[in-house]
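For reference, the structure is listed below as structure tokens.
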Amino acid sequence: MNNWKYFIFSVFSVFAGKNGQAAELNKEELPNILWITSEDNGPMLGCYGDTFATTPNLDRLAGESFRYTHAYASAPVSAPARNTIITGVYACSAGNQHMRSWYGKSDTVRYYPEFLRKLGYYCTNNPKEDYNNPAEQTRDIWDESGRNAHYRNRKPGQPFFAVFNSVISHESCIHNSIPPDKLRHDPNQVALPPYHPDTKELRHDWAQYYDKIEDMDAWVGEILKDLEESGEADNTIVFYYSDHGGVLCRSKRFVYETGTHVPFIVRIPEKFKHLYPGDKLGTTVDRLIGWVDLAPTLLNIAGIPIPEWMQGKAFLGHPAATGQEYVFMFRDRMDERYDMSRAIRDKRFRYIRNYQPHRIYGQHNNYLWLAPSVASWENAYKSGSCNQVESVFWEEKPAEELYDTEMDVWEIHNLAGNPDYGQILDRMRNALNEKMICIRDAGFIQEGEYERINERTTMYDYLHSPEYPIAEIVHVANAATMKDKKNLPDLVKWLKSDNRIIRYWAATGLLILGEEAESNVAQLTVALRDPSPDVAIVAAEALYRLGQRQRGVETLLTALENPNVMVRTFALNVIDNLDEDSFRIRQAVENLGEKSKNDKSQERYDLRMVNRLTTKWRDDVRR
């Protein structure tokens, strides 16, 4: 054993792990750890049973490794998923769940490379970061980060932790169509999921995506070849995984299997067989794991005590935590579009709770619509050529969804209303509520409030203080979004609450009830003057839909002048969903775009909505 590693393990051979458990390492050699990560792909690999996939390198790796069959991204989109990975804290437990955002990290929370570097690891990241935190907080967490970052640059004998990330299979890979005669996978042989209509564009994008999976597999082969040639393969634990699922429409950004179920393969050299999660290499592991578990697992492998604030469970190392019954997933704002869903899954059933059931699944998202297949599906629906299953994506969501993933792999048969599954529904509903309360989920706070909170503290510190009554808020939000008239008296009472978040959900409940809340126009009119702009915007939409159009428009016009970009973005979402195109609204939207036309920053999601609305209005005139 080289002196570097012996010194480290002389110092760190015994730790008190999370929950007081001892991690005894017996001065064994510190393993190198290599993470090979791809983007936006589920388990579309031969080793996972996909016979259409061409993935010889990953199939070979799986034969030498442990292949996890129940691995899930905590979020179905990159930045919140990566925030969860790098911290070991659910992004929605720290106010970092929106795609994409730059809210600051609490001093309590640290990034896992900091722990590994302190132990002596040389930590590299090549090249993508995208951690959903301000750049100044993540700038110095790696020894190297960028296209030239490599473990070969470490000191002689120094252990390494290295990430190599590929964008080959990223969603953007289907934005520009390859000529059909250049495709290696035949579009006519694609087995379309039942929710996709049989359009030329969908078949083409599926085939092109499989080509890119094949290209990504070749890249993995090169990374593994480099490791072999470095002479470090027998000293290195190799992880392969994707950051989340994707990318054909209804996968990425959605908390279904297709958006969250990911490949996860771990190769452990013989010298570290004490870390094996099973009897032998080349077998499967059916333990449920999520991305919040990765950071504590890394620390556990290295014998580093797992901080109490980390929310995941170590699934490798000594001792590994006991398995968990559920994994939890979340979805919030996706770029310029507001929505909120939460999901929990055991080894068979998936339960989804939709907190914006008055919105369709397929809200227009600029980036998603760059794929030709998405517009082809939307056009098929608008032309009336979609069947019932194919049409669901373009219609309002139910508040609850429950799927038997063994019997219904594509999750198209919602069992939430089936009395035969009532006990399962109750069990999973309760488990989800407990989880959201336990992690103090930030998703219930409208984003327009973040700026006000951040003026005095970080979102994490606010969320984890007594100031945030999460249990009460979850109760109110659940009642508000079930569209049950019996909750009307409570909604009216909650609309007078001292808590801005509770008032927001009360107003949302009245909006969802629609005509059944018609007797509450007076209360909604008062809410137009709420000090929270988001509450006022929801009340404006509710009144608009109840025939009080002018009152609604006036409030929306005021919101478009709000200095908070996320308040403006929310108001523009409402304008689009109302199809409101009066002269004053059009003029205000166009003026907003004109005043900001030179601002190209990614934060300006209001400008994406401006472009969406002005394009839609222009297309309406042409028609």
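In this chain, numbering begins with 1 at the start of the sequence shown.
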>> Parallel, tilted or perpendicular: which one describes the rings of W291 and F264, with boundaries at 30° and 60°?
In response: tilted

> According to the interplanar angle, ranging from 0 to 90°, do the rings of W394 and Y381 count as parallel (below 30°), tilted (30 to 60°) or perpendicular (above 60°)?
Replying inline: parallel

[X]-[Y] side chain donor-acceptor pair, cut-off 3.5 Å:
X    : Y    : result
Y90  : N83  : no
E411 : T405 : no
D461 : S106 : yes
D59  : T55  : yes
H185 : T54  : yes
T69  : D286 : no
N126 : N165 : no

Answer with yes or no after comparing the ring centroid distance for [X] and [Y] against a 6.0 Å cut-off, counting only values under it.
X    : Y    : result
Y460 : Y103 : no
F393 : W377 : yes
Y256 : H261 : no

> Is a salt bridge present between K252 and D40, judged by a nitrogen-to-oxygen distance below 4.0 Å?
Replying inline: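 D40 and K252: salt-bridged.
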
> Can any side-chain N or O of D534 pair as donor or acceptor with the backbone N or O of Q446 at less than 3.5 Å?
Replying inline: no

> D205 versus V374: any side-chain heavy-atom pair under 4.5 Å?
Replying inline: no

> What do the steps show when you test F315 against Y68 for ring pair (Phe, Tyr, Trp, His ring centres under 6.0 Å), and what is the final call?
Replying inline: CA-CA 11 Å; F315 54 85; Y68 285 73; 5.7 Å; yes

